[in-house]
Participant: 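This is the structure I have questions about; it appears just below.
In this chain, residues are counted from 1 in sequence order.
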Amino acid sequence: MRNSKFPYSLAAIDIDDTLVGPDKKISWENRRAIEQLQALGCRVVLASGRRHANMLSFCDELGLDDFVVSCQGARVEHLRTGELIHHATLMPTDQASLVAEGHRRGFTVMLWLRETVFAEVATFWVENYSKHAGDDQVTIADLLPLTSRPAEKIIWAADPARITSTSTEMESRYAGQLSVTITEDWYLEFTALNANKDDGVAALARHLEIPRSAVLAFGDGHNDVSLLSWAGMGVAMPHGRDAARLAARIVASDGNPESALARAVDQLVGEYQSGWVV
């Protein structure tokens, strides 16, 4: 039996290494793929570990006027109206503890508040973050006085070996209290328990009255795992983390990482057009 309607009403798309490849630009193939989804009646939103403000240029480039799922799902806010439908921040006591311990252990600590990212010293890891996040600037300030304000994320940054060895300890210590995630190999990120991408996209789907089964998700990283496994259809990039590929129902075919998203959409749309039944 042939479907008469595309089965997905909402697509949540990660930015780094999904929407954009290593060059941090949206390829024409990926732009075309997003237009394909929209033409089929699928609403497209971006869902990223980036800050809200650091995602808006991508929305502008794609002509999106919609909600933005930012900071791994900590914030879901409409880019134009400012309507905020989900906001999960760290407790001040946890923030102060994480800042103090991170400094004591010799990590570069970065505190994510709404308006910007703060760090106490402009280290190599601060500069690395700014370059990776599209020149998102980090403000140098004393962090402890800032921990009384709502923070969406805290990062400990160091060489990958230290991050890997510390992550297991932190995951065990904060189980049931905080989410602890390695995003880039040199970043250990702490967020509230309900500040994951599946939390943010689920809040948006409820707000839009879209069932989970009608949600598409595209991603590649550790912070996409919860969303890829939650969505009605989770699609991982072929160059993604093992955990992301295992969590997804589909993995895009191998090829240029700049156009992996387009290959994934082509596969989905091709199956729909050939009479895919779900």
Side-chain angles (χ1 to χ4, degrees), residues 16 48-57 68-79 82-160 162-163 165-167 169-197 199-200 203 223:
D16 294 289
S48 173
R50 290 179 180 237
R51 294 188 309 110
H52 177 89
N54 196 29
M55 297 172 63
L56 299 185
S57 63
V68 175
V69 181
S70 63
C71 208
Q72 290 175 206
R75 175 179 291 271
V76 183
E77 180 179 340
H78 198 284
L79 64 86
E83 182 182 4
L84 185 67
I85 62 171
H86 179 73
H87 195 208
T89 58
L90 292 161
M91 296 290 292
T93 52
D94 289 330
Q95 293 171 205
S97 175
L98 288 167
V99 166
E101 182 171 358
H103 285 151
R104 187 168 63 251
R105 288 180 174 228
F107 290 99
T108 291
V109 179
M110 287 180 268
L111 179 69
W112 288 44
L113 301 185
R114 173 178 170 80
E115 68 273 23
T116 193
V117 179
F118 291 89
E120 292 203 345
V121 182
T123 67
F124 167 83
W125 302 110
V126 168
E127 294 174 6
N128 196 49
Y129 162 77
S130 293
K131 291 176 182 177
H132 179 77
D135 294 323
D136 192 26
Q137 297 302 306
V138 177
T139 300
I140 304 303
D142 185 2
L143 296 188
L144 279 176
L146 298 174
T147 58
S148 61
R149 297 167 56 187
E152 295 172 343
K153 186 189 296 187
I154 286 177
I155 292 177
W156 289 2
D159 66 87
R162 283 201 68 201
I163 294 299
S165 64
T166 305
S167 65
E169 176 193 351
M170 293 296 108
E171 287 169 5
S172 176
R173 181 192 299 183
Y174 289 109
Q177 182 180 350
L178 300 175
S179 289
V180 182
T181 309
I182 295 176
T183 49
E184 298 301 323
D185 290 339
W186 45 86
Y187 296 140
L188 186 62
E189 305 197 358
F190 301 85
T191 57
L193 276 181
N194 57 340
N196 294 295
K197 287 191 182 182
D199 298 301
N223 63 350

Participant: Has the side chain of Ser165 got a donor or acceptor atom that lies under 3.5 Å from a matching backbone atom of Arg162?
Facilitator: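 Pair found, side chain donor or acceptor close to backbone of Arg162.
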Participant: Can you check side-chain contact (heavy atoms from CB on, under 4.5 Å) on Thr139 and Glu115, steps first, answer last?
Facilitator: CA-CA 10 Å; Thr139 300; Glu115 68 273 23; over 6 Å; no
Participant: Can you check whether Glu77 reaches Leu84 side chain to side chain, under 4.5 Å on heavy atoms?
Facilitator: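 Yes, at least one pair of side-chain atoms sits under 4.5 Å.
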Participant: OG1/Thr147 to CD1/Ile154 distance, rounded to the nearest 0.5 angstrom?
Facilitator: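 Nearest 0.5 Å value for the OG1-CD1 distance: 7.5 Å.
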Participant: Using the ring of each side chain (for Trp, its six-membered ring), is Trp186 parallel, tilted or perpendicular to His132, with breaks at 30° and 60°?
Facilitator: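 Taking His132 first and then Trp186, their aromatic rings stand perpendicular (interplane angle over 60°).
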Participant: If you round to the nearest 0.5 Å, how far is OG1 of Thr181 from CD1 of Ile155?
Facilitator: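 The OG1 atom of Thr181 is 10.5 Å from CD1 of Ile155, to the nearest 0.5 Å.
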Participant: Is Asp136 salt-bridged to Arg50, going by a charged N under 4.0 Å from an acidic O?
Facilitator: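 Not counted as a salt bridge, because no side-chain N and carboxylate O are separated by less than 4.0 Å.
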Participant: At what distance, to the nearest 0.5 angstrom, does CZ of Arg105 lie from CH2 of Trp156?
Facilitator: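 CH2 of Trp156 is found 5.0 Å from CZ of Arg105.
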Participant: Strictly distance-based, threshold 3.5 Å: is any side-chain N or O of His86 a donor or acceptor partner for the main-chain N or O of Val69?
Facilitator: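 Judged by distance alone, no pair lies under 3.5 Å.
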Participant: How close do Leu146 and Gln95 get, heavy atom to heavy atom, and via which atoms?
Facilitator: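 Scanning both residues, the minimum pair turns out to be O-NE2, 4.3 Å.
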Participant: Please report the shortest heavy-atom distance between Val121 and Val126, naming the atom on each side.
Facilitator: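 It is O-CG2, 3.4 Å.
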Participant: Is it the case that the side chains of Glu152 and His87 hold a donor-acceptor pair, with the cut-off being a distance below 3.5 Å and no angle test?
Facilitator: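 A donor-acceptor contact under 3.5 Å links the two side chains.
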Participant: Work out which heavy atom in Ser97 is nearest to a heavy atom in Tyr174; give both atom names and the distance.
Facilitator: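 That closest heavy-atom pairing would be OG-OH, 4.1 Å.
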Participant: Could you tell me if the ring centre of Tyr187 sits under 6.0 Å from that of Trp125?
Facilitator: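 Centroid separation for Tyr187 and Trp125: 6.0 Å or greater.
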Participant: How long is the straight-line distance from CD1 of Ile140 back to OG1 of Thr123, given to the nearest 0.5 Å?
Facilitator: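 Nearest 0.5 Å value for the OG1-CD1 distance: 8.0 Å.
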Participant: Using modelled atom types only, decide if a donor and an acceptor are shared between the side chain of Asn196 and the backbone of Ser179 within a distance under 3.5 Å.
Facilitator: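 Here the side-chain-to-backbone pair does not exist.
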Participant: Using every non-hydrogen atom in the two residues, find where Met110 and Ala157 come nearest and quote the distance to one decimal.
Facilitator: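 The pair with the smallest heavy-atom distance is CE-CB, 4.1 Å.
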Participant: To check you understand the geometry: which heavy-atom pair defines the closest contact between Leu143 and Val109, and what is its length?
Facilitator: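 Smallest interatomic distance, heavy atoms only, reads CD1-O, 3.6 Å.
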Participant: If you define the side chain from C-beta out and look only at heavy atoms, does anything of Leu178 sit under 4.5 Å from Leu98?
Facilitator: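 The answer is yes, as the side chains (C-beta and beyond) meet within the 4.5 Å cut-off.
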Participant: Go through the steps to decide whether Asn128 and Glu184 satisfy the test side chain to side chain donor-acceptor pair (under 3.5 Å), and finish with yes or no.
Facilitator: CA-CA 11 Å; Asn128 196 49; Glu184 298 301 323; over 6 Å; no
Participant: Using modelled atom types only, decide if a donor and an acceptor are shared between the side chain of Lys153 and the backbone of Gly49 within a distance under 3.5 Å.
Facilitator: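 Such a contact is found between Lys153 side chain and Gly49 backbone.
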Participant: Okay, side chain of Arg51, backbone of Ser70: is any donor-acceptor separation there less than 3.5 Å?
Facilitator: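 Side chain of Arg51 to backbone of Ser70, a donor-acceptor pair under 3.5 Å: no, none is there.
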Participant: Distance check, rounded to the nearest 0.5 Å: Thr191 atom OG1 versus Gln72 atom CD?
Facilitator: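 That separation rounds to 5.5 Å.
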Participant: Measure the shortest side-chain to side-chain distance between Phe118 and Val99 over non-hydrogen atoms and say whether it is less than 4.5 angstrom.
Facilitator: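 Not touching, per the 4.5 Å side-chain cut-off.
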Participant: Is the shortest heavy-atom distance from the side chain of Phe107 to the side chain of Ile163 under 4.5 Å?
Facilitator: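 Heavy-atom side-chain distance check passes, below 4.5 Å.
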Participant: How long is the gap from NE2 on His52 to CH2 on Trp112, to the nearest 0.5 Å?
Facilitator: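 Those atoms lie 13.5 Å apart.
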Participant: So which atom in Thr183 and which in Glu189 form the shortest heavy-atom distance, rounded to 0.1 Å?
Facilitator: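 Shortest heavy-atom separation between Thr183 and Glu189 comes out as OG1-OE2, 2.7 Å.
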